[in-house]
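Hydrogens, waters and symmetry mates are skipped; everything else that's a heavy atom, side chains included, is used.
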Amino acid sequence: MLTRVSLTGSLGLALLATAVLPALAQDRGGALAQAEWAQNYDSAATMRVQRSNTPILSPQTLAATEQMVERYRDIVARGGWQPLSGADRLRVGTKNPAVTALRQRLIASGDLDPAAGSSPVYDSYVEAGVRRFQARHGLNQTGAMNITTVQAMNVPAEVRLRQLELNAVRLRSYSGSLGERYVIVNIPAALVETVEGDHVATRHAAGVGKIDRQSPIMNAKIQEVNFNPYWTVPASIIKKDLIPKMQKDPSYLTDNKIRIFNGDREIPPSQVNWHSDEATRYRFRQDPGVDLNSMGFVRINIPNPHGVYMHDTPAKGIFGDDFRFVSSGCVRVQNVRDYVSWILQGTPNSNPETIESIIQSGQRVDARPVAPIPVYWTYITAWSTPDGLVQFRDDIYKRDGAGAPTASMAAAAAGPRNFNPDADDDQTN
């Protein structure tokens with residue numbers, strides 16, 4: 001049985017209110033009638049998800065995940081949960097029969113206390129349960145239902161059990177010593193963790209590889225931080241992205257400070273036949289610059305056979321999205337200044353003021369950490385923390401073989417709304 005969190009304080013008041021609301025609410029004839037008031041009791045605190053400082057790759061996470069496997073076997077043995085329908089527009093204050101089914105779904109996965117009852121009113125306890133569910137599945141914690149939340153809720157308990165069993169095996173493969181200081185990139189979660197002394201030091205949302213340009217599973221070491229780097233455009237992006245862009249907008253390269261070189265000689269864009277493959281014979285280099293350069297102001301050098309790395313991005317808006325599968329294989333890091341400061345800890349360049357001064361100078365500066373730092377690019381779609389909180393993420397690259405595609409896969413397959421190329425090679429010049 002999953003751990004339940006007892007709701008105290010205003011629970012009795014909330015249950016009383018949900019009991020009388022049906023009599024007080026006005027039925028407006030629509031599928032989503034509005035209750036008489038929004039019921040904004042201070043109920044969410046007891047169900048709030050606290051961030052664990054336990055690293056994903058740790059013996060504690062492995063042990064907790066193995067325990068969660070047993071709990072989910074029990075859930076499956078008891079029939080799991082029923083799929084929801086007509087729930088994608090529910091929110092606080094809504095009165096609808098679908099809310100009763102939603103309550104049962106949240107109770108089944110431990111996101112709502114059974115004492116919250118079966119009222120058809122979407123009260124603040126249901127909102128808190130939805131927020132908790134969203135947090136555990138890497139979704140924006142709006143507290144309101146939407147299609148992506150419904151899709152996640154409708155993944156059968158049997159599929160979640162298989163995910164836990166498979167990922168327990170994956171976690172077990174990292175059971176050796178990973179280092180005193182190391183970095184974890186969990187690709188399905190689009191998340192970066194820095195770890196020091198067996199505790200998470202910093203966390204960063206990330207942008208990772210699209211379905212057709214996947215980020216690799218690998219181990220590497222952070223050797224160097226490159227401030228204000230050039231970006232040399234790989235041949236694949238020249239063909240797939242730059243040529244079509246130039247056919248539509250001849251000023252695109254100039255506007256984005258991308259220069260064309262034939263050897264050491266610069267070629268003006270007007271001299272290239274953009275309706276042929278001529279451009280693939282040249283080298284394209286984007287000037288440094290936080291606002292335009294596809295790597296932002298910094299590149300984290302992790303030599304590897306895949307030619308990928310970690311970097312800043314001028315497209316900061318992606319870090320607020322539920323699904324951040326947007327790159328060409330590299331990993332874009334949120335709050336990268338904090339990340340760089342952690343990497344360079346113990347060196348003169350770790351000071352935030354120094355980092356900002358280097359950025360503002362616009363000059364290329366290469367800085368090395370005190371010692372190379374191990375970095376693990378992993379693929380963990382289900383895990384649990386010692387507090388009994390279980391996390392699930394979509395099998396975006398379909399490596400689990402556990403279930404059907406979900407809304408996140410459809411969103412990721414569509415790709416980013418605007419062109420913002422991400423370098424796939426190791427060329428920064």
Side-chain angles (χ1 to χ4, degrees), residues 190 206-216 226 228-300 306-321 323-334 336 362 364 396 408-429:
V208 300
K210 293 178 284 189
I211 293 173
D212 61 342
R213 304 185 193 185
Q214 298 181 9
S215 297
N226 309 128
N228 300 314
Y230 287 106
W231 178 52
T232 298
V233 184
S236 60
I237 289 180
I238 294 171
K239 187 173 182 178
K240 293 178 181 178
D241 299 309
L242 290 189
I243 291 177
K245 276 288 181 182
M246 286 299 290
Q247 290 173 353
K248 294 179 181 178
D249 178 10
S251 65
Y252 180 81
L253 291 182
T254 302
D255 291 345
N256 286 275
K257 297 184 179 180
I258 299 176
R259 303 176 187 272
I260 310 171
F261 293 89
N262 185 5
D264 294 330
R265 182 172 64 88
E266 185 173 353
I267 301 171
S270 59
Q271 292 186 8
V272 177
N273 180 358
W274 296 103
H275 294 279
S276 71
D277 64 353
E278 178 187 351
T280 61
R281 302 200 294 268
Y282 303 134
R283 179 168 58 94
F284 290 70
R285 190 185 74 185
Q286 190 174 40
D287 291 343
V290 175
D291 295 331
L292 284 176
N293 190 286
S294 295
M295 288 184 290
F297 78 85
V298 69
R299 169 188 185 272
I300 292 89
H306 308 281
V308 292
Y309 45 86
M310 306 174 75
H311 62 90
D312 182 31
T313 175
K316 301 294 194 293
I318 66 165
F319 298 124
D321 294 341
F323 309 115
R324 301 185 295 276
F325 306 97
V326 295
S327 83
S328 293
C330 294
V331 172
R332 309 174 189 179
V333 184
Q334 180 197 38
V336 74
R364 170 67 178 262
I396 188 67
S408 68
M409 297 182 185
R417 291 182 291 272
N418 299 307
F419 172 65
N420 183 23
D422 182 321
D424 264 348
D425 64 357
D426 205 30
Q427 304 175 61
T428 52
N429 291 343

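- For residues 262-277, the set of pairs meeting the side-chain hydrogen bond (donor to acceptor under 3.5 Å, both in side chains) definition, not counting sequence neighbours, comprises R259-E266.
- Annotation for T254 and P269: closest pair OG1-CG, 4.3 Å, computed over non-hydrogen atoms.
- Looking at every heavy atom in both residues, T232 comes nearest to R285 through OG1-CG, 4.2 Å.
- Annotation: the span from I258 atom CD1 to M246 atom CE amounts to 9.5 Å, rounded to 0.5 Å.
- Side chains of V298 and V333 form no contact here, defined as non-hydrogen atoms less than 4.5 Å apart.
- Within the model, atoms CD1 of I267 and CZ of F284 stand 8.5 Å from one another, a figure rounded to the nearest 0.5 Å.
- Heavy atoms only, all atoms of each residue included: K239 and T280 are closest at CB-CG2, 4.4 Å.
- When every heavy atom of I396 is checked against every heavy atom of I211, the shortest pair comes out as O-CG1, 3.8 Å.
- Here the shortest heavy-atom pairing between I238 and Y282 reads CD1-O, 4.0 Å.
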Begin from the C-alpha positions of V336 and F297 and carry the test side-chain contact (heavy atoms from CB on, under 4.5 Å) through to its verdict. CA-CA 9 Å; V336 74; F297 78 85; 3.5 Å; yes

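- Side-chain contact between V331 and I300 is absent, with no heavy-atom pair separated by less than 4.5 Å.
- Across every non-hydrogen atom of S215 and S327, the tightest pair is OG-OG, 4.4 Å.
- In this structure, the side chains of R213 and I237 come closer than 4.5 Å at one or more pairs of heavy atoms.
- With values rounded to the nearest 0.5 angstrom, I243 atom CD1 is found 13.5 Å from K248 atom NZ.
- Residues satisfying the side-chain contact (heavy atoms from CB on, under 4.5 Å) criterion with P250, sequence neighbours excluded, are absent altogether.
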